[in-house]
Colleague: 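Could you have a look at this structure, given as structure tokens, before my questions?
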Amino acid sequence: ADDALGLDSQGSNGDGSVSAELSPGGHTWDRNKWNMSTIRGASGQSSWSEVTIPLSKIEFKRNKLIGKGRFGSVVRGYHFGDVAVKFLNMDHVADEDRLEHFKAEVASFKNTRHDNIVLCLGYCLDHSSLGIVMGLCKGRTLHSMLHGSNAERVEMASAIRYATEICQGVSYLHQKKIIHRDLRTKNIFIESKQRAVITDLGLFSMQRLRYPERNHSMVVPKHWLAYLAPELIREIAGDFRELSFSQQSDVFAFGTIWYELITSSIPFDSNHPDFIIYSVGKGVTAPLHNVATVREVKDILMRCWSFNASDRPSFLACNTLLNNLPKKRLDRSPSYPMVRSYESIF
Ligand code: ADP
Ligand code: MG
């Protein structure tokens, strides 16, 4: 099944993502049927109405577009304070069953209250898109800080602090039985260089991964595969309908974030998706011998990247591991451990 995917790097979508051909069997729905009664549904009406914000109650500013992601765009608005509204393009929304499931999740997201989790205010609708209303994050994403055009130097002490806050945020979600499913540095903001704020929790379950109208091809955004645990990578290589994300797959993704924090690079950055899927599915992880840091730092990485999901630590355990890092020895080691690229060696 390794070559069933037939990834087509020529089919680049122009945004760094590539399309992958997958065998048919996907399930879709008629988006023309999409309307208010679909979203209200027969069941769960009361909890749904509690989290619905009429679009007219949100003031949208000029130049409101913040950015575009894989599944829609994020715009800036005002609703008793600054908000960001993420409009999921319904072309990309999964089938009706999944929408029902999502409705049930909505209420639980709104009940999350944690310093390191973005505030979820509710959801709004217009006829062609579903908007998720959340607090507006200030500052830069961790991805832009580490890999952006004017990337900043992240000291080891800050790296540990951000990682600790991410652990605390996600262990709170896990304790509430919410799986993030899309933990990556693009979904983490660092506000005033102080506080890590995690966004986009659970939204992944809404998103359609395959496109029947495009030969059941699958969009593989740049870098996304680096966060996927081997058990998910193996599902991608097969005939999947949904990916079986778990608390342990969130831990694997956290491992990749930790790697980025300590190396300022992304695992398998220059590799073709075919290669990543083949190797990661078989248990290969990014090599660590070039990473100049203490054993304990690498140990966290290796544990989070364990091939068997059950061998990965919980986020609470990760938090303890981070707490127990030998701060004194870290101070003496290079403050900015890096994977040196060949250009800088020769
Ligand atoms: P991605 O996560 O791949 O960057 P998104 O659709 O989630 O794609 O986000 C699109 C853009 O909107 C990105 O630039 C992202 O940083 C920004 N964004 C998303 N959520 C928020 C938020 N709550 N506050 C401010 N900006 C946000
Ligand atoms: Mg995002």
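Order of listing sets the numbers, starting from 1, for every ligand and every atom in it.
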Colleague: Determine whether a donor-acceptor pair (N or O, by modelled atom type, separation under 3.5 Å) exists between the side chain of Thr52 and the backbone of Cys124.
Modeller: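 Between the backbone of Cys124 and the side chain of Thr52 there is no qualifying donor-acceptor contact (under 3.5 Å).
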Colleague: Just so I know, are the side chains of Leu261 and Tyr162 near enough to count as touching, which here means a heavy-atom distance under 4.5 Å?
Modeller: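 SC-SC contact between Leu261 and Tyr162 confirmed.
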Colleague: Only heavy atoms count here, so choose which of Val133, Asn187, Val85, Leu65 is nearest to atom 2 (O) of ligand 1.
Modeller: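 Considering heavy atoms of Val133, Asn187, Val85, Leu65, the nearest to atom 2 (O) of ligand 1 sits in Asn187.
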Colleague: Provide, to 0.1 Å, the distance between atom 8 (O) of ligand 1 and the closest protein heavy atom, together with that atom's residue and name.
Modeller: Gly69 CA, 3.5 Å
Colleague: Is the gap between the ring centers of Phe315 and Phe254 under 6.0 Å?
Modeller: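 Yes, close enough.
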Colleague: Salt-bridge test for Lys86 and Asp200: reply yes if a basic N is under 4.0 Å from a carboxylate O, no otherwise.
Modeller: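 A salt bridge is present here (some side-chain N lies under 4.0 Å from a carboxylate O).
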Colleague: Judged by atom type as modelled, is there a donor-acceptor pair below 3.5 Å linking the side chain of Asn116 to the main-chain atoms of Ala196?
Modeller: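 Present.
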Colleague: Can you name the atoms of ligand 1, numbered from 1 with element, that are less than 4.0 Å from a heavy atom of Thr141?
Modeller: 16 (O)
Colleague: For atom 10 (C) of ligand 1, grab the closest protein heavy atom and report residue, atom and distance to one decimal in Å.
Modeller: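 Going by distance alone, atom 10 (C) of ligand 1 is nearest to Val74 CG2, 3.6 Å.
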Colleague: Can you report which non-hydrogen protein atom sits closest to atom 13 (C) of ligand 1, along with the distance?
Modeller: Gly67 CA, 4.8 Å
Colleague: Please determine whether a side-chain nitrogen of the Lys or Arg among Arg303 and Asp311 lies less than 4.0 Å from a carboxylate oxygen of the Asp or Glu.
Modeller: no
Colleague: Starting from atom 26 (N) of ligand 1, locate the nearest protein heavy atom and write down its residue, its atom name and how far away it is, to 0.1 Å.
Modeller: Phe189 CZ, 3.4 Å
Colleague: By number and element, which atoms of ligand 1 are closer than 4.0 Å to a non-hydrogen atom of Asp200?
Modeller: 2 (O), 7 (O)
Colleague: Can you name the N/O/S atom of Asp200 that is nearest the Mg ion (ligand 2)?
Modeller: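 Considering only N, O and S atoms, Asp200 comes nearest to the Mg ion (ligand 2) through OD2.
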Colleague: Can you tell if the side chain of Thr256 reaches within under 4.5 Å of the side chain of Pro267, non-hydrogen atoms only?
Modeller: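 In short, these two side chains touch, coming nearer than 4.5 Å.
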Colleague: I'd like to know if the Mg ion (ligand 2) has an N/O/S atom from Thr199 within less than 2.8 Å of it, counting both backbone and side-chain atoms.
Modeller: no
Colleague: Can you tell me which portion of Ala84 lies within the under-4.0 Å heavy-atom range of ligand 1? Options are side chain, backbone, both, or neither.
Modeller: side chain
Colleague: Can you report which non-hydrogen protein atom sits closest to atom 1 (P) of ligand 1, along with the distance?
Modeller: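 Here the nearest protein heavy atom works out to Arg184 NH2, 3.9 Å.
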Colleague: Starting from atom 20 (N) of ligand 1, what is the nearest protein heavy atom, named by residue and atom, and what distance separates them?
Modeller: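 For this ligand atom, the closest protein heavy atom is Met134 CE, 3.6 Å.
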Colleague: Establish, from distance only, whether the side-chain atoms of Tyr227 and Thr185 form a donor-acceptor pair under 3.5 Å.
Modeller: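 There is such a pair between these side chains.
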Colleague: Kindly say whether the aromatic ring centers of His143 and His223 come within a distance under 6.0 Å.
Modeller: yes
Colleague: Give me the residue, atom name and distance of the protein heavy atom closest to atom 23 (N) of ligand 1.
Modeller: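 Minimum-distance protein heavy atom for atom 23 (N) of ligand 1 reads Gly135 O, 3.0 Å.
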Colleague: Which protein heavy atom lies closest to atom 5 (P) of ligand 1, and at what distance to 0.1 Å?
Modeller: Lys86 NZ, 3.5 Å
